[in-house]
Amino acid sequence: MHELPKVYDPTDVEPRWYAYWTAQGVFAAGSDPNDTRPVYVIALPPPNVTGSLHMGHALMGTLEDVLVRHKRMQGYNTLWQPGTDHAGIATQTVVERQLRQEGKSRHDLGREAFVERVWQWKEQSGNRIVEQMRVLGCSADWDRVKFTMDPDLSRAVREAFVRLYEDKLIYRATRLINWCSDCRTALSDLEVENEEADGKLYEFAYEVIDENSGSAKMELIVATTRPETMLGDTAVAVHPEDPRYLHLHGKKLKHPFVEREIPIITDAVLVDMKFGTGAVKVTPAHDFNDFATGKRHGLEEISILNLDGTLNPAGGRFEGLTVAKARKEVKLALAALGLERGEKAHKLQVPRCQRCRTVVEPMISTQWFVKMQPLAEPALAAVRDGRTQIVPAEWVKTYEHWLTNIQDWCISRQLWWGHQIPAFHCDACQHITVTREAAPSACESCGGTGLHQDPDVLDTWFSSGLWPFSTLGWPDNTPDLCRFYPTSDLETGYDILFFWVARMLMLGLHLTGEVPFRRVLLHGMVVDETGEKMSKVKGNTLDPLDLIHGASFDEVAKRTLPGAPLSEALQKFKKAYPSTAQMGQGFPAYGADSIRLTLCSYSPQAKRISLSPKRIEGYRNFCNKVYNAVRFSLPHIEGELPQQPPTRPTHLVNRWILSRLGTVAEQATRSIDAFRLDEASSVLYHFIWDELCDWYLEFNKALFVTGTEAEQLETRQTLAHVIEGALRALHPFAPFLSEELWQRVPRPEGRPHCVALAPFPTREDGPLDSDAEREITLLTTVITAARTIRSDHELEKSAKVPLQLRTQDPESRHLLEAQSALVEWFVRSEGAPEWVGPESPRPAGAVTAVAGNVEVLVGLRGLIDPAKEEARLDRKLKKAERDIAGLDARLSNANFLKNAPADVVEATQAELETLKTQRASLIAAVKLLVELN
RNA sequence: AGGCGCGUAGCUCAGUGGUAGAGCACUACCUUGACACGGUAGGGGUCGACAGUUCAAUCCUGUCCGCGCCUACCA
């Protein structure tokens with residue numbers, strides 16, 4: 001056991017413990033009806049089955065795992081409900097791409113065979129992401145894993161649809177929707193991403209039809225960014241008060257390409273007189289504003305597009321062209337007719353399909369919609385009255401803004417992969433029967449038996465919107481649903497606040513009558529080191545597995561930009577991660593714990609998490625530090641069974657470290673509960689490294705040599721306890737490392753078989769001892785002051801120096817006298833520090849520093865470089881003078897004394913006293929130096 | 001156009017109404033029996049600019065400059 005290697009190797013350790021936890025059922029939620037433990041539930045945001053683990057998943061998995069492990073250790077019955085999402089469009093696209101490589105399309109297979117094929121693919125590779133989450137250490141209850149298209153979840157989807165339909169919240173309507181001609185489906189507003197692009201504002205003239213005017217032709221010039229849509233124009237609108245066009249009110253225009261007369265209408269809503277020419281062509285079938293205008297004026301809606309995005313017969317001679325081509329051709333044709341009136345550059349928003357980047361066209365279509373406003377109001381109320389809390393709270397406004405301006409949700413998709421809509425069209429009477437039955441026998445209206453199911457499937461987010469309760473057996477009132485719903489926390493990226501979180505709240509409230517979760521915890525987006533969003537196109541993605549297992553930069557680059565030449569991929573990658581320049585040939589195997597600690601260290605307020613490999617390295621080093629601290633401790637603590645709660649020690653350093661352990665445990669718990677994992681991990685990091693390793697273990701080295709037998713025994717016991725406690729505290733963040741070490745360390749009676757089930761430390765583990773904390777501060781300050789002098793004068797490491805201390809504070813003296821052995825050990829002084837009276841002369845050749853209310857004098861006769869020393873003293877003196885002046889000014893301000901709180905005044909006065917002592921000491925030292933010369 | 005947020009050490013970011021913090025990077029010394037993935041000590045910032053509130057502002061208020069993101073139908 002003592003021959004642990006010097007360097008911690010996570011690759012060996014991590015898989016072993018994950019297998020152990022799984023075999024022992026450590027992650028399983030308790031379903032025993034007699035289990036009275038409080039419950040903590042997180043529903044894992046189900047990743048797409050198409051997905052493989054990216055940094056965003058790793059972040060999500062880590063944060064949730066920390067929350068879940070912490071609560072599990074606190075004795076909660078925890079359920080982390082895992083699963084995957086069928087991801088309608090994304091998955092269908094993947095399989096269609098495969099088919100295309102075989103020279104086939106989904107239509108060659110037919111719907112049934114195609115869906116079968118997707119299932120096959122899902123069975124094959126849909127589990128990959130789940131496997132990858134295990135590598136990260138995620139402690140979800142994998143036995144309960146769900147898929148949004150499982151039979152029970154599909155039943156929940158049908159039930160939800162039917163209920164919403166019955167409640168008149170789902171309806172079918174013909175209106176303008178977003179159409180992706182590549183995916184061949186309607187999209188919701190959220191699935192359309194607007195992208196700014198440089199376009200042209202193009203002007204052309206419509207000829208005014210005017211029987212009275214004879215030969216003098218009049219024209220009306222319109223401005224548009226999409227000239228091709230003029231083929232569907234059914235009006236031109238001007239502002240009713242626009243003086244330029246008063247004479248045209250009621251007149252008609254001649255369409256240059258199709259046989260149609262176009263009315264000139266007046267509309268104050270659509271038209272802004274100051275923009276363009278003040279005349280707006282109206283295309284109700286291809287523009288949302290124009291659609292609304294058309295409804296106001298009863299205009300004809302002429303669709304000019306086929307579903308594949310080419311022009312239909314309404315496009316006349318332009319039929320068959322793509323939109324882009326038609327745009328050019330229409331412009332040419334207008335020019336040929338002499339109707340072109342110029343164009344200028346114009347920034348415009350191009351709507352693109354979130355999945356395939358194709359330009360989305362507004363199209364008239366019959367689709368299913370969810371009426372949102374009645375659902376939004378309760379969801380707003382739930383957040384306003386605190387039934388669900390959003391953390392960080394800055395997102396509340398965004399949430400409210402969206403819900404208060406919400407549009408109805410188009411939920412039907414013209415895909416094959418997904419939940420087919422449970423609506424049946426009657427061939428006889430056209431009535432639509434919406435039913436829970438998989439295959440209703442007759443039309444509910446006319447009783448006809450010729451029924452066919454609506455071919456559309458539901459938006460993938462419809463089923464995810466039911467996730468927190470559909471996974472627990474809803475609509476049945478199962479024991480799981482009773483026990484685990486509402487869930488506790490919903491943790492996810494802010495990018496799906498609308499897509500998912502808001503919809504879960506709306507659907508949950510409506511269908512179950514309760515909020516689906518008590519808190520919404522939102523994290524930021526992982527971006528590369530230069531702040532760019534990670535994307536496959538940019539070749540700047542990081543694969544968490546490469547970081548965990550290690551990979552050469554060549555391999556990483558190859559994977560991150562497949563198909564591109566290696567040198568190009570490598571260059572892009574290195575540019576995205578400048579810190580890799582100083583990292584050799586590749587990533588070492590950092591291990592999951594290092595990645596987890598790194599991901600936890602970012603504040604949840606950070607919208608962009610700029611992942612730096614160098615930072616991971618820092619946490620890798622930390623893991624090694626912890627490992628070596630235990631390696632050092634083991635021989636000392638073997639056979640020491642720590643007690644719980646620990647016996648109260650007598651030695652200062654033991655009292656201190658116990659107190660710190662308790663304080664840190666409390667802080668960590670408080671921070672984790674507030675979803676400040678960055679604070680919690682930082683507190684643990686600094687406790688373990690700066691206090692436990694840098695001071696406590698070093699104190700122990702001294703005590704194991706110089707201490708009495710009783711002191712040594714007490715120290716061994718305390719060390720055993722603190723190591724065991726620190727490992728428990730670390731476990732949520734670094735589960736593998738902590739488990740590996742905890743299993744080697746002596747443990748109190750009654751501990752469970754693994755740290756994953758052991759109690760998270762509390763104040764019980766270390767009673768507060770503020771005296772000890774204060775005293776250690778003085779002790780370490782004195783030691784550091786003396787060491788600074790040694791370092792400043794470049795003393796040999798082994799050189800012993802005379803050390804003198806002086807203070808006017810009897811308490812400080814008493815304390816330091818009690819610890820003189822430690823002072824001697826740390827400062828390497830010639831024997832114990834010597835106490836000199838306040839008035840006794842300063843020994844020649846001594847160098848001074850001030851630590852709190854103690855003056856530290858290190859005898860350096862013969863070793864001082866007077867010039868250097870003078871400069872050093874001078875620098876310190878100047879700083880002291882500056883500080884004193886500042887405090888003096890403040891304390892002589894009557895308003896400060898009157899208004900500032902008493903403790904602030906007191907602290908300022910004390911600070912001033914200390915500084916004055918310091919100044920006196922420095923002046924004396926300077927004087928001495930001058931005398932010496 | 002509206003909303004949200006950001007601007008703090010060379011880099012990435014915490015933070016607080018009472019004389020500024022971390023990690024990495026940097027400097028010097030140290031291959032000392034846990035750890036060189038280490039130790040000891042150190043350097044470095046007028047906390048974006050300008051005004052205001054206050055005894056006191058990096059923090060609160062306002063304006064401005066610069067930068068992100070989200071929402072939105074300006075042709």
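As the structure is a prediction and not an experimental result, all values here were calculated from the model. Chain naming here is simple, since letters A, B, ... match the order of the sequence lines and numbering starts at 1 in each.
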Engineer: Below 3.5 Å, can you tabulate the donor-acceptor pairs from side chains in residues 595-603 of chain A to any protein atom, sequence neighbours excluded?
Structural biologist:
residue  : atom : partner  : partner atom : Å
A/Arg596 : NE   : A/Phe733 : O            : 3.1
A/Arg596 : NH1  : A/Asp65  : OD2          : 2.8
A/Arg596 : NH1  : A/Leu136 : O            : 3.0
A/Arg596 : NH2  : A/Asp65  : OD2          : 2.8
A/Arg596 : NH2  : A/Pro732 : O            : 2.7
A/Thr598 : OG1  : A/Ser594 : O            : 2.6
A/Ser601 : OG   : A/Thr598 : O            : 2.6
A/Ser601 : OG   : A/Arg615 : NE           : 3.2
A/Ser601 : OG   : A/Arg615 : NH2          : 3.0
A/Tyr602 : OH   : A/Ser610 : O            : 3.1
A/Ser603 : OG   : A/Gln605 : N            : 3.0
A/Ser603 : OG   : A/Gln605 : OE1          : 3.3

Engineer: Say you pick atom C1' in B/C35 and the same atom in B/C30; how far apart are they, in whole Å?
Structural biologist: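 Rounded to whole Å, the distance is 15 Å.
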Engineer: Are any of the side-chain nitrogens in A/Glu343 or A/Lys331 under 4.0 Å away from the carboxylate oxygens of its partner?
Structural biologist: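 Yes.
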Engineer: In this structure, how many angstroms lie between the P atom of B/G38 and the OH atom of A/Tyr619, rounded?
Structural biologist: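 Rounding to the nearest Å, OH of A/Tyr619 and P of B/G38 are 14 Å apart.
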Engineer: Over how many whole Å does the gap from A/Asn628 atom CG to B/A36 atom C1' extend?
Structural biologist: 11 Å
Engineer: Verify the contact: side-chain N or O of A/His346 to OP1 or OP2 of B/A75, cut-off strictly under 4.0 Å; return yes or no.
Structural biologist: yes
Engineer: Whole Å only: how far is the CD1 atom of A/Ile783 from the P atom of B/G39?
Structural biologist: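 Distance check: A/Ile783 CD1 to B/G39 P gives 17 Å.
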Engineer: Could you tell me how far apart A/Asp678 (CG) and B/G23 (P) are, to the nearest whole angstrom?
Structural biologist: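 In whole Å, B/G23 P and A/Asp678 CG are 15 Å from each other.
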Engineer: Please give, in whole Å, the distance from B/C55 P to A/Asn895 CG?
Structural biologist: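 Whole-Å distance recorded here is 6 Å.
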Engineer: Please tell me whether A/Tyr685 and A/Trp689 form a close aromatic pair, meaning their ring centres lie under 6.0 Å apart.
Structural biologist: yes
Engineer: Would you mind reading off the distance between A/Lys607 atom NZ and B/C6 atom P, rounded to a whole angstrom?
Structural biologist: 8 Å
Engineer: Between B/G10 and B/A49, how many Å separate the two P atoms, rounded to a whole number?
Structural biologist: 14 Å
Engineer: Could you tell me whether A/Arg352 and A/Glu191 have a side-chain N and a carboxylate O separated by less than 4.0 Å?
Structural biologist: no
Engineer: Closest-nucleotide mapping onto RNA chain B: is A/Ile884 or A/Phe288 further toward the 5' terminus? I mean the 5' end.
Structural biologist: A/Ile884
Engineer: Considering only heavy atoms, which members of residues 687-704 of chain A lie under 4.0 Å from some atom of RNA chain B?
Structural biologist: A/Trp689, A/Cys693, A/Asp694, A/Leu697, A/Glu698, A/Lys701
